[in-house]
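As the structure is a prediction and not an experimental result, all values here were calculated from the model. The sequence lines fix the lettering, A, B, ..., with proteins before strands; numbering per chain opens at 1. Note that these values count all heavy atoms, side chains included, but never hydrogens, waters or copies made by symmetry.
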Number of protein chains: 2
Amino acid sequence: MSDDLDIIFAALADPTRRAILAMLLEDDMAVTDVADPFEMSLAAISKHLTILTRAGLISQEKRGRVKWCKLEPDAMRAASVWMQGFGQFDPVNLDAFERFLEAELPKGDGA
Amino acid sequence: MSDDLDIIFAALADPTRRAILAMLLEDDMAVTDVADPFEMSLAAISKHLTILTRAGLISQEKRGRVKWCKLEPDAMRAASVWMQGFGQFDPVNLDAFERFLEAELPKGDGA
DNA sequence: CGCATATTCAACCAAATGGTTGACGATACC
DNA sequence: GGTATCGTCAACCATTTGGTTGAATATGCG
């Protein structure tokens with residue numbers, strides 16, 4: 001569906017959201033912890049997480065009063081498949097990917 | 001660079017623009033011809049093409065009074081590489097891709 | 001119970017987005 | 001030169017987006 005791709009690509013078009021996805025690549029996280037490295041309100045991060053969830057890029061599960069965020073890599077497949085058609089890419093270029101990851105990590109976070 | 005991905009993903013987040021890319025996959029086209037199947041003004045399509053150009057997804061070359069639009073698949077590589085890191089996708093699923101292409105073609109275009 | 005923590009909701013705001021129309025510049029054609 | 005075609009520009013408009021703050025809800029803790 002065209003609409004799915006709309007929402008997925010739109011979700012990926014924001015650097016904060018991509019940084020969140022990169023963080024979740026390492027481990028599941030609570031909303032508060034996701035928000036921690038960013039210089040913006042918790043409410044703003046909460047909105048970003050909603051957008052990522054509606055795009056299917058993450059899922060959120062509430063355990064107790066903590067809502068855990070989990071990467072859902074499947075949702076990216078539709079977008080990935082769509083893109084693959086536009087060129088003969090290196091199937092996976094992990095090296096370049098890692099450089100992107102670094103660039104994506106929230107600034108000012110020393111670790 | 002984070003900024004590049006911003007612009008690329010934002011460009012891909014619009015169904016009209018994805019449809020344009022799909023059209024250009026078949027052949028280079030003049031702006032007027034790109035606009036033809038869409039039910040929106042030429043100016044609107046011109047704006048979309050500018051956005052695609054600034055994202056590096058297409059290039060435009062003026063020959064005479066006709067401006068030719070050409071797909072530039074390389075620009076998608078950065079985005080593709082970024083995405084590949086988020087799962088072990090089928091490297092290329094051409095079958096699913098073709099179904100997407102059909103879904104992406106402008107509606108109401110009988111031909 | 002009473003307080004702290006985790007998260008969202010609601011109202012608001014500035015800026016960006018996607019569209020329109022009409023005028024305009026540049027090129028081609030006769 | 002005059003006219004038609006190709007494409008963009010400028011001004012405008014409605015909607016969406018990404019952020020804020022303050023109040024509200026829900027859970028856990030002593």
Query raised in the report: Are A/Ser46 and C/dT8 close enough that a side-chain N or O sits under 4.0 Å from OP1 or OP2?
Result: yes
Report summary line: Residues A/Asp33 and A/Met23: closest non-hydrogen pair is O-CE, 4.2 Å
Query raised in the report: Can you tell which of A/Glu72, A/Met29, A/Lys70 makes a side-chain contact (heavy atoms from CB on, under 4.5 Å) with A/Leu24?
Result: A/Met29
**Report entry** Test side chain to side chain contact (heavy atoms under 4.5 Å, CB included) applied to B/Trp68 and B/Arg63, step by step
**Finding:** CA-CA 7 Å; B/Trp68 292 90; B/Arg63 283 204 297 273; 3.7 Å; yes
Requested in this report: Looking only at side-chain atoms of B/His48, point me to the closest of C/dG19, C/dA6, C/dT21.
Outcome: C/dG19
Requested in this report: Might you point out which heavy atoms bring B/Ala55 and B/Ala11 nearest each other, and give the distance in Å?
Outcome: CB-CB, 3.8 Å
Requested in this report: Calculate the interatomic distance between A/Asp36 atom CG and C/dT7 atom P; express it in whole Å.
Outcome: 12 Å
Query raised in the report: Within this structure, what is the CD-to-P distance between A/Gln60 and C/dA6, rounded to whole angstrom?
Result: 16 Å
Report task. Would you mind classifying the nucleic acid contact of B/Ala10 as base, sugar-phosphate or nothing, using non-hydrogen atoms under 4.0 angstrom? Result -> nothing
Query - Leading and trailing nucleotides of DNA chain D with any atom under 4.0 Å from heavy atoms of chain B - result: D/dA4 to D/dA11
**Report entry** Atom-to-atom span, CD1 of A/Ile20 to P of C/dT7 - whole angstrom
**Finding:** 13 Å
N/O to N/O distances under 3.5 Å, protein versus nucleotides 26-30 of chain C:
unit_1	atom_1	unit_2	atom_2	d
C/dT27	O3'	B/Arg65	N	3.2

Report summary line: A/Arg18 and A/Leu12 have their tightest heavy-atom pair at NH1-O, 2.8 Å
Query - Atom-to-atom span, CG of A/Asp6 to P of C/dG18 - whole angstrom - result: 10 Å
Report summary line: Shortest non-hydrogen pair, A/Ile8 vs A/Ala79, comes out as CG2-CB, 4.0 Å
Requested in this report: Using heavy atoms to find the nearest nucleotide of DNA chain C for A/Lys47 and B/Ala44 separately, return the residue whose nucleotide is more 5′.
Outcome: A/Lys47
Report summary line: Between A/Phe9 and B/Ala13 the two heavy atoms that sit nearest each other are CB-CA, 3.6 Å
Report summary line: Whole-Å distance, B/Leu42 CG to C/dG22 P, equals 15 Å
**Report entry** Closest heavy-atom pair and its distance - A/Ala19, A/Phe38
**Finding:** CB-CZ, 3.9 Å
Report task. Could you state the atom-to-atom distance from CD1 of A/Ile45 to C1' of C/dT7 in whole Å? Result -> 13 Å
Requested in this report: Send over the distance from A/Trp68 CH2 to C/dT5 C1', rounded to a whole Å.
Outcome: 14 Å
Query raised in the report: Only one of A/Thr32, A/Leu49, A/Val31, A/Val34 clears side-chain contact (heavy atoms from CB on, under 4.5 Å) with A/Lys67; which?
Result: A/Val31
